[in-house]
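First comes the structure, then the notes that go with it.
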Protein chains: 2
Amino acid sequence: MVKQGPGASRNGGGAKGKRARVTLHEVAQEAGTSRSTASRALGGHGYVAGHIKERVHEAAQRLGYVPDVSARTLKGRSSRVVGLLVSDLRNQFYAQLAAGVEQTLSDAGYQVVLVDDHGREERAADGARAFLAMRADGVLLAPVGRPATEILVDHGTPVVEVDRRSGVRGCDVVAIDSENGARDAVAHLLELGHREIAVVVDETKWATGKDRLKGYRVALREARVPYLRRRVLDLALRDRDGEAEDAVGALLDANPEVTAVFAANNVVAELVWQELKRRGRTVPDDCSVVSFDDETWMRMVEPKLTAVRQPVFEMGSRAATLLLERVDSGRGRAETHILQPELVVRGSTCRAGLRE
Amino acid sequence: MVKQGPGASRNGGGAKGKRARVTLHEVAQEAGTSRSTASRALGGHGYVAGHIKERVHEAAQRLGYVPDVSARTLKGRSSRVVGLLVSDLRNQFYAQLAAGVEQTLSDAGYQVVLVDDHGREERAADGARAFLAMRADGVLLAPVGRPATEILVDHGTPVVEVDRRSGVRGCDVVAIDSENGARDAVAHLLELGHREIAVVVDETKWATGKDRLKGYRVALREARVPYLRRRVLDLALRDRDGEAEDAVGALLDANPEVTAVFAANNVVAELVWQELKRRGRTVPDDCSVVSFDDETWMRMVEPKLTAVRQPVFEMGSRAATLLLERVDSGRGRAETHILQPELVVRGSTCRAGLRE
DNA sequence: TTCTCACATGGCATCGATGCCACATGCCTT
DNA sequence: AAGGCATGTGGCATCGATGCCATGTGAGAA
């Protein structure tokens, strides 16, 4: 009755701390059936007599059996794994995004493999290849370069881009209407009578930065306020310590007429805030500030920041949902979901002209 | 020459969008060798003639071959996957921790599978089982209940607990010296002449909360200041909307003699800060505040918060390093690393007695 | 009683990569 | 010249789960 499988002898090895993995084979043996029957009993497919089913479950429980996903993935189609690539988890924006993604996916029984590329394209591409190697059922990409997207799409992996559009065909996109949000923010300043408005951006290569800058220009145009190049600061590539701070400081110093600043994201807003403080300029009396993206600190400081609130967590879960739709029901056409941000007016903006 | 393997026919299927996976077998065929030779050529093990090696690499490149980790994991020992379980990614603390972990592990060629249990033990246990199923080489656990640790340790998976000690034997621990940090923070207040000091904690079940409360008591005792139960607020289980806020408010209102508050972590500090503001109490003149844990907002607000700075990112990478040591070199004994926090004195604390 | 059908079960091939082992090849030694 | 050794190479079993398919069992019908 106690048949010994070919691999059974390895159990006899020195008890080097942990005992060997429990396999389905052992469970079946314990329950006195064959592997296939045990598989059916646990999986709930096909016919298995009630008492046998019960016996198998008991055996599995007793031995602490945990099915091996590698084997299952190898045999079947799905790995139940989704890749998530972000560019900086220390940035609250990405952390929230990741949280939203994780929640939705784990509710749906998927595991999330996280890669943080720290903004480096090469690393993003490596991550993409790793996802491929794991046979990830799908991948979510938050701002990174084109290569990662291309690698994945080329290999037929469903991709959802979050908060950016690489332009690669065939992948879903979930993004914020940056242009609109930026326009609202700047329009708000204009309504308050500001005419000399500076803008600080991170980058202008990708949709996020480009569109926000565009929104700024559109708002100005609509109000027939001239667009001045010297009031625009693009911090792209100023990664060195203090370089970005200096650039923001220089912008403020070189344009003393400026009465309001539009910061295109949370990182930039932080810089602007600090540099204004350092110069002893009061917000909003000396200078109004609007931020694109609303984070914890903006609600803690005094005055609280007027900001364009993005539903970040929701964006993550929305993207995850979109991906699941694609994976589960095999939707073919790529979809683009644009979420609308919302301007939250708080204390960092006030009427212009209170200065002199 | 063109031998057809048993599975080759499936390539003929309808070109349903994506082409089939490229296997090692196909690469070998393309290069005109056998699977094993191709494996050796790519893996760099054993003898392969130079020109063959080259040919195989070219073929792999041309076909876009990506080895299947499932198969590799199934055959070999290691999955090159590490699990990371955190209790709330939206909390900057955990996000930073995760970032530190991710960096170290991905540098070492491991993939990080992220699970966020939102503080629910059941979910943590599910996560643990998922890690087991994936044959994770190791797991990092940030504050969660005991069950998850037990499940993993029982199955022989190396575990490193970060920022907590469940007490389960056999797992490594990386933590902050909470007691010391809390003592320093409270001692600082005492040196400034404060005698009526309140403390707010999240929980007192686990090491983090318990030790910080202990540090508070020790500092008081050392200064021969009586410990009053009513100045201690434990927010455990007050999860409902507004409940925690109300409790903090009640503490402040019920103890008007209090001239300083020690907040045991970032979440609690936020509440304290907000409630003080809401009551129109000026920091630090009306009430000094010290926080355990130093986050972005604490450096943005005015006055900047005096805080016990924890090397969070480093804690993550340290934990990851510890885990890798265990996994790679099979270290047997469990280690406990205690990192020392550092009190950063800023503007939220001042001498007592300026009030009347 | 025997034949049929519905239901239950175990054998076996499969997924893709790996590495041992047996074999083949070429070179050098005696 | 023949054996031995060093160096490459391919066949094959293996990892664990899965599910098809061919068998086995029992009940019910003719």
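The figures that follow rest on heavy atoms only: side chains count, while hydrogens, waters and symmetry mates do not.
- If you measure from atom CG of B:L132 to atom P of D:dG16, you get 14 Å, rounded to the nearest angstrom.
- Nearer to the 5' terminus of DNA chain D, by closest-nucleotide assignment, is the contact made by B:T37 (compared with the other of B:T37 and A:V66).
- Taking only side-chain nitrogens and oxygens, B:S34 never comes nearer than 4.0 Å to OP1 or OP2 of D:dT9.
- Although no hydrogens or angles enter the test, the distance criterion places no donor-acceptor pair under 3.5 Å between the side chain of A:S39 and the main chain of A:R35.
- Between atom OG1 of residue A:T73 and atom CG of residue A:D137 there is a gap of 8.0 Å, rounded to the nearest 0.5 Å.
- With rounding to whole Å, B:R21 atom CZ is found 10 Å from C:dA17 atom P.
- Of the charged side-chain nitrogens involved, at least one lies within less than 4.0 Å of a carboxylate oxygen, so that B:R326 and B:D172 count as a salt-bridged pair.
- With salt bridges taken as basic N to acidic carboxylate O contacts below 4.0 Å, one links A:D126 and A:R129.
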Please list each protein N or O that sits under 3.5 Å from an N or O in nucleotides 18-25 of chain C, with the distance.
from: C:dT18; atom 1: OP1; to: B:R72; atom 2: NE; distance (Å): 2.5
from: C:dT18; atom 1: OP1; to: B:R72; atom 2: NH2; distance (Å): 3.0

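- Taking for each of B:A38 and B:A71 the nucleotide of DNA chain D with the nearest heavy atom, the 5'-most of the two is the partner of B:A38.
- Between B:M134 atom CE and D:dA17 atom P there is a gap of 15 Å when expressed in whole angstrom units.
- We find that CD of B:Q29 is positioned 13 Å from P of C:dA17, with the value rounded to whole Å.
- When only modelled atom types and interatomic distance are considered, B:S317 and B:E314 share no side-chain donor-acceptor pair under 3.5 Å.
- Using a 4.0 Å heavy-atom cutoff across all strands shown, B:S70 reaches no nucleic acid atom at all.
- Using a 3.5 Å distance cut-off with no hydrogens or angles, the side chains of B:R55 and B:T33 do not pair a donor with an acceptor.
- Rounded to an integer number of Å, the gap from CD1 of B:I52 to P of D:dG8 is 11 Å.
- Residue B:D68 has its side chain nearest to C:dA17 when only C:dA17, D:dG10, C:dT9 are considered.
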